[in-house]
Amino acid sequence: MKAILQLITNPIVGKIADKVGYDTPLFCGFVVMFISTLMFAFAESYLLLIIARGIQGIGSSFTVVSGMGMVAQVFPDDVERGKAMGISMGSNAFGIVVGPPFGSLMYDYVGKSSPFLVIAAIAALDGALQICFLKPLKFSPVSIPPTPYRKLLVDPYIMIAAVALFLANLTYGMLDTTLPIRMMEHMCAPSYQLGLAFLPCMITFFFSLITLSRITQKLGRWVFIILGTFIEGISTMLMPLAQDIYGLIGPSALLGIGFGFMEITIMPTMALLVDLRHTPNYSGVYAIADIALSLGYAVGPLCGGALARAIGFPWISVIFGIILIVYSPLFILLRNPPGKEENKPILPQDNQTLPTNTSNVKDKLPDTGKEETH
């Protein structure tokens with residue numbers, strides 16, 4: 001439900017951000033997320049949980065699209081933008097990774113409402129910071145006209161990156177739903193261990209976050225995207241080999257490294273593609289990126305659950321891992337993507353000469369009675 005509503009809302013948020021700027025949609029995302037978190041804390045029926053989850057998807061759309069667009073606009077330099085995007089997207093993925101162990105421990109030892117109340121308190125602090133540092137009540141339309149969605153969707157380089165985000169979340173969504181079931185059925189794991197299986201993933205992901213921002217620009221982001229997708233594929237294929245929670249430590253740690261390599265580098269790459277090949281308005285490309293993420297997280301649990309029942313967890317892990325490994329070489333195309341025609345230099349190259357006929361230019365200069373120097 002979250003992913004479906006987020007999928008629908010993303011292009012709408014992109015249009016809103018173009019009209020009113022990024023501050024107001026970002027604050028709206030905080031308000032909606034705060035409401036949905038409180039609903040989770042006090043809901044006692046499946047219907048209310050579904051409604052809260054859908055509202056959360058709408059809030060996520062406002063937050064991710066406007067937040068990433070704002071970061072891309074504030075940091076026009078590609079190196080600085082890469083560092084800021086790494087922190088921003090890394091924080092987003094860090095929340096996804098840390099959620100399962102945090103939720104399972106709080107649920108098991110404190111109660112169902114406790115993790116949501118903690119998150120609501122953190123969200124309230126975030127809202128207060130937005131009021132202090134941003135201008136959520138002042139509309140500031142983006143001055144640069146946006147590139148139409150259809151033009152972005154037919155750009156092959158943007159689509160390569162978007163499909164990568166889809167596959168990454170597709171795999172994680174599959175593991176998020178099928179791995180706990182396998183742990184209960186084959187490992188007889190208690191409830192608190194279901195989330196702890198992702199703890200090594202969280203640790204290695206955080207390590208990747210704090211170390212990658214310094215070296216991705218030097219070695220090339222495309223290298224880390226390839227490595228990240230390949231490592232994700234390997235770790236997914238290793239998951240069925242675990243016989244207990246200790247056997248999941250290695251594959252889970254590898255998954256965090258791969259997830260970190262790919263997620264932290266691909267978002268600044270998409271901003272660079274927009275700069276090179278379109279107009280530097282980022283709401284549209286990040287709406288597409290979040291659509292890919294949401295679609296992956298919607299299809300992953302649905303397909304994962306059905307396929308796990310049909311062919312078993314080992315086979316589905318192998319299939320998803322092979323898909324990631326086979327797709328990873330495509331990122332070589334992101335090594336040096338061509339820019340649009342307008343980005344080509346208009347000044348002559350070293351082996352060219354300027355035209356010598358300047359009579360037309362002189363005719364158009366004002367007559368000041370003095371010799372003009374050019």
### Task
Tell me, please, which residues at least two apart from Phe166 pass ring pair (Phe, Tyr, Trp, His ring centres under 6.0 Å).
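Not a single residue meets the ring pair (Phe, Tyr, Trp, His ring centres under 6.0 Å) criterion with Phe166.
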
Between [X] and [Y], which heavy-atom pair has the shortest distance, and what is it?
X	Y	result
Ala72	Ala271	CB-CB, 4.4 Å
Pro25	Ile16	CG-CG2, 4.2 Å
Pro200	Ile249	CB-O, 3.7 Å
Ile291	Pro11	CD1-CD, 3.8 Å
Ser328	Ile226	O-CG1, 3.5 Å
Met39	Leu48	CE-O, 4.1 Å

### Within 6.0 Å of OH in Tyr107, more than 12 heavy atoms from elsewhere
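No - once you tally the heavy atoms of other residues, nucleotides and ligands closer than 6.0 Å, there are 12 at most.
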
For [X], side chain to side chain contact (heavy atoms under 4.5 Å, CB included) partners two or more places apart:
X	value
Tyr46	Ile50
Ser235	Leu254, Leu255
Ala287	Asn10, Val65, Tyr149

### Task
Would you kindly confirm whether Met237 and Leu179 end up in one hydrophobic cluster when ILVMFWY residues are joined by side chain heavy atoms under 4.5 Å apart?
yes

### Task
Tell me whether Leu125 is reachable from Leu134 by hopping between hydrophobic residues (I, L, V, M, F, W, Y) whose side-chain heavy atoms are closer than 4.5 Å.
no

### Task
Decide yes or no on side chain to side chain contact (heavy atoms under 4.5 Å, CB included) for Leu276 and Tyr157, but give the supporting numbers first.
CA-CA 11 Å; Leu276 287 174; Tyr157 298 93; over 6 Å; no

### Task
Give a yes or no on whether the backbone of Tyr172 and the side-chain of Tyr297 come within a donor-acceptor separation of less than 3.5 Å.
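Not a single qualifying donor-acceptor pair exists.
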
### Query
Taking the side chain from Thr204 and the backbone from Ala253, do they hold a donor-acceptor pair closer than 3.5 Å?
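Yes; at least one donor-acceptor contact below 3.5 Å.
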
#### Entry: Derivation and outcome, side chain to side chain contact (heavy atoms under 4.5 Å, CB included), residues Ile288 and Met159
CA-CA 9 Å; Ile288 293 173; Met159 282 299 98; 3.9 Å; yes

#### Entry: Derivation of the side chain to side chain contact (heavy atoms under 4.5 Å, CB included) call for Leu273 and Asp155
CA-CA 9 Å; Leu273 288 173; Asp155 188 314; 5.9 Å; no

#### Entry: Co-members of Phe116 in a cluster of I, L, V, M, F, W and Y side chains, linked at under 4.5 Å
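Hydrophobic cluster check, Phe116: joined to Phe40, Leu49.
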
### Query
Would a 4.5 Å heavy-atom cut-off, applied to side chains only, mark Pro314 and Arg182 as touching?
yes

### Query
Do Phe259 and Asn169 have side-chain heavy atoms sitting under 4.5 Å apart?
yes

### Query
According to the ring pair (Phe, Tyr, Trp, His ring centres under 6.0 Å) rule, which pairs have a member within residues 306-327, sequence neighbours left out?
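Non-adjacent pairs meeting ring pair (Phe, Tyr, Trp, His ring centres under 6.0 Å): Tyr327-Phe331.
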
